[in-house]
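Okay, so here's the structure we're looking at.
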Amino acid sequence: MPDVALAGPAGGPVVGRFAPSPSGPLHFGSMVAALGSCLSARAAGGRWLLRIEDVDAPRTVPGAADGILRTLEQFGFEWDGPVVWQSRRTDAYRAAFEQLRAAGQVFACACTRKEIADSALARDGTRRYPGTCRGGLPPGRSARAWRLRVEPGVVSFDDAVQGRIEEDVAADVGDFVLLRADGLFAYQLAVVVDDAEAGVTEVVRGADLLDSTARQILLQRLLGHVPPAYAHLPVASNAAGEKLSKQTLARAVEGGDPARVLVDALDFLGQQPPPGLAEAGLAAVWGWARQHWSMARVPQQRSVPAPRYG
């Protein structure tokens with residue numbers, strides 16, 4: 001496979017980003033995503049931004065964001081510009097939502113989770129919305145959430161790692177939530193608004209988010225934004241084949257040897273770092289990584305075992 005260099009939609013300057021959720025400390029899978037996104041942008045002479053995705057307030061763990069920033073600094077990451085916090089950007093999400101509502105592209109929904117619990121499963125494991133309120137709220141019911149009115153049609157894109165991806169969002173997911181019953185804007189809307197405003201041209205992230213991409217491209221088009229290029233890196237899994245996460249008790253990388261963890265992440269991403277690189281120190285690891293980064297060497301898989309970090 002030839003090397004793949006992501007570029008801006010019009011061949012302009014590259015802008016990448018890393019956008020962790022502060023639901024816990026960074027683990028090895030998080031570090032893989034951070035390193036891959038950073039190296040892809042830096043190898044192209046581009047900018048690399050940092051965003052804390054704390055739009056989902058109930059999942060935010062106090063102190064986790066500060067810990068993430070501290071760990072990234074400890075590991076030698078340097079980002080451009082100030083850190084962006086989703087929790088401070090509600091007005092931007094509201095403006096995008098109102099744009100869609102004015103165009104008749106959203107509708108009120110009275111359904112509870114229990115009422116759609118028997119619906120078919122979507123690709124990402126959520127329930128496909130059956131369209132109950134698409135034609136209007138049932139008598140005596142009031143709006144709990146607001147959904148995007150999704151029309152039939154295939155959304156396709158070429159992922160730099162995973163290849164050609166196609167999805168009919170209407171058939172596979174249905175009308176998805178943009179404004180939740182608890183009054184919070186959904187991740188799908190927030191990430192699209194944030195990436196567009198920041199001028200992000202490439203999104204390099206874990207393959208666990210691959211099934212969200214078609215929905216985000218659909219929103220980008222409806223809001224008049226040019227979709228960025230995408231590269232979905234394999235997620236790290238434990239000995240049981242489960243994605244490393246807070247739920248699977250993945251251990252934090254904070255407090256470990258930064259040079260060793262980064263070399264392990266480079267190896268995980270197929271970059272073939274030379275023996276003894278970790279012993280050369282953190283600066284040497286970064287220098288080698290920036291010079292030798294190749295997206296073409298990243299394994300074309302959705303998941304790769306990393307049991308030592310489970």
Would Glu151 and Arg149 pass as an ion pair if we require N to O under 4.0 Å?
no
When you look at CZ of Arg164, are more than 12 heavy atoms from neighbouring residues, nucleotides or ligands closer to it than 6.0 Å?
yes
Strictly by ring pair (Phe, Tyr, Trp, His ring centres under 6.0 Å), give each pair with a member in residues 41-62 just once, sequence neighbours left out.
Trp48-Phe77
Grab the two heavy atoms, one from Val150 and one from Ala170, that are nearest each other, plus how far apart they are.
CG1-N, 3.5 Å
Ion pair check, Glu202 and Arg17, cut-off under 4.0 Å:
no
Any ring pair (Phe, Tyr, Trp, His ring centres under 6.0 Å) pairs touching residues 22-47, not counting sequence neighbours?
Phe28-Phe268, Phe28-Tyr309
Between Arg70 and Glu73, does any side-chain N to carboxylate O distance fall below 4.0 Å?
no
Tell me whether the count of non-hydrogen atoms from other residues, nucleotides or ligands lying under 6.0 Å of CD in Glu78 goes above 12.
no
Donor-acceptor under 3.5 Å (Ser40 side chain, Gly36 main chain)
no
Short N-O contact, Glu115 and Arg144, less than 4.0 angstrom:
no
Among Arg302, Gln301, Met295, Gln162, the one residue meeting side chain to side chain contact (heavy atoms under 4.5 Å, CB included) with Leu233:
Met295
Name all residues meeting the salt bridge (charged side-chain N to carboxylate O under 4.0 Å, His left out) criterion together with Asp80; count only those two or more places apart in sequence or in a different chain, and write none if there are none.
Arg42
